[in-house]
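All of these numbers come straight from a predicted model, not from anything done at the bench.
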Amino acid sequence: MDTMLTKKNIAAALIATAGLLVGSAAMAADAPDGAALWAKNCASCHGKDLKGKTKTGEKLKIQDLTDAAVKAKFDKKRMIESTTKGIKEEGGEKLVMKAYESKLSAAEIEALVDYVIAFK
């Protein structure tokens with residue numbers, strides 16, 4: 001009898017583990033693709049390589065987001081807020097980076113920020 005209970009427990013554990021793995025894979029498949037979002041929404045100004053060497057990037061003096069000194073100042077919370085609400089010129093009202101809160105979901109904005117932070 002103990003052997004049957006053990007086999008049942010093992011089978012139940014395997015089924016539960018398989019369910020968790022399938023659920024995790026489904027969640028990962030639904031997660032926003034930061035690289036694709038970057039290419040679609042940000043690369044035209046910041047460049048595909050995040051260096052800001054585009055016509056608009058140079059006009060607006062966009063920072064090289066791959067520069068070690070710039071990366072050292074990254075603050076995920078501030079980056080999410082800047083992407084969500086946009087960035088105004090220093091001391092002014094003019095937006096130098098548009099807000100994405102009406103275009104992208106919070107999860108997509110976080111995926112973009114994570115992409116920038118992890119970019120090598």
Side-chain angles (χ1 to χ4, degrees):
M1 202 62 146
D2 285 340
T3 306
M4 286 188 63
L5 287 175
T6 303
K7 287 180 182 178
K8 285 183 181 179
N9 289 343
I10 291 171
L14 288 173
I15 291 168
T17 301
L20 287 173
L21 290 173
V22 168
S24 295
M27 283 177 32
D30 291 341
D33 180 353
L37 289 164
W38 180 268
K40 182 177 179 183
N41 298 284
C42 310
S44 62
C45 294
H46 290 276
K48 290 179 184 176
D49 60 1
L50 286 71
K51 293 184 179 289
K53 300 296 179 192
T54 66
K55 193 174 191 177
T56 302
E58 291 186 0
K59 178 182 172 188
L60 296 174
K61 298 180 175 107
I62 291 176
Q63 293 182 332
D64 176 350
L65 299 177
T66 66
D67 181 86
V70 173
K71 287 184 82 94
K73 296 177 188 176
F74 281 176
D75 176 306
K76 184 174 179 177
K77 184 178 177 180
R78 194 182 98 241
M79 292 168 73
I80 288 172
E81 185 173 331
S82 296
T83 306
T84 302
K85 302 289 184 188
I87 299 174
K88 292 182 180 177
E89 67 184 359
E90 197 169 317
E93 290 297 314
K94 181 182 176 189
L95 280 176
V96 293
M97 185 178 99
K98 66 182 179 178
Y100 283 86
E101 65 187 336
S102 64
K103 186 172 183 178
L104 301 173
S105 70
E108 289 172 322
I109 289 171
E110 186 169 0
L112 273 172
V113 169
D114 287 342
Y115 174 76
V116 171
I117 290 170
F119 191 87
K120 300 279 184 217

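Every pair tested for ring pair (Phe, Tyr, Trp, His ring centres under 6.0 Å) that includes a residue from residues 63-107 fails, sequence neighbours excluded, so the list is empty. Among pairs with a residue in residues 77-96, none fulfils ring pair (Phe, Tyr, Trp, His ring centres under 6.0 Å), at least two apart in sequence or across chains. Among pairs with a residue in residues 45-55, those fulfilling side chain to side chain donor-acceptor pair (under 3.5 Å) read Lys51-Thr66, at least two apart in sequence or across chains.
Clustering ILVMFWY residues whenever any of their side-chain heavy atoms sit less than 4.5 angstrom apart, transitively, puts Leu50 in the very cluster that holds Ile80. Leu95 and Met97 fall into different hydrophobic clusters, where Ile, Leu, Val, Met, Phe, Trp and Tyr residues are linked whenever their side-chain heavy atoms come under 4.5 Å apart, directly or through other members. In the hydrophobic clustering of this structure, Val113 does not group with Ile87; members are Ile, Leu, Val, Met, Phe, Trp, Tyr whose side-chain heavy atoms approach within less than 4.5 Å, directly or through other members.
Every residue meeting the side-chain hydrogen bond (donor to acceptor under 3.5 Å, both in side chains) condition with Lys103, not counting sequence neighbours, appears here in chain and number order: Asn41. With sequence neighbours left out, Asp114 forms a side-chain hydrogen bond (donor to acceptor under 3.5 Å, both in side chains) with Lys76. Remark: Gln63 pairs with Val70 by the side chain to side chain contact (heavy atoms under 4.5 Å, CB included) rule, at least two apart or across chains. Residues satisfying the salt bridge (charged side-chain N to carboxylate O under 4.0 Å, His left out) criterion with Lys71, sequence neighbours excluded, are absent altogether. When the salt bridge (charged side-chain N to carboxylate O under 4.0 Å, His left out) test is applied to Glu101, the partners found at least two apart in sequence or on another chain are Lys85. Partners of Glu108 under the side chain to side chain contact (heavy atoms under 4.5 Å, CB included) rule, at least two apart in sequence or in another chain, are Pro32, Leu37, Leu104, Ser105. Legend: residues meeting side chain to side chain contact (heavy atoms under 4.5 Å, CB included) with Ala106, ordered by chain and number and at least two apart, are absent. Partners of Leu60 according to the side chain to side chain contact (heavy atoms under 4.5 Å, CB included) rule, which considers only residues two or more places apart in sequence or in another chain, are Thr56, Ile62. Under the salt bridge (charged side-chain N to carboxylate O under 4.0 Å, His left out) criterion, Glu93 pairs with Lys88, sequence neighbours left out.
The minimum heavy-atom distance between Trp38 and Gly47, with the atom names listed, is NE1-O, 3.0 Å.
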Trace of the side chain to side chain contact (heavy atoms under 4.5 Å, CB included) decision for Leu112 with Met79:
CA-CA 10 Å; Leu112 273 172; Met79 292 168 73; over 6 Å; no

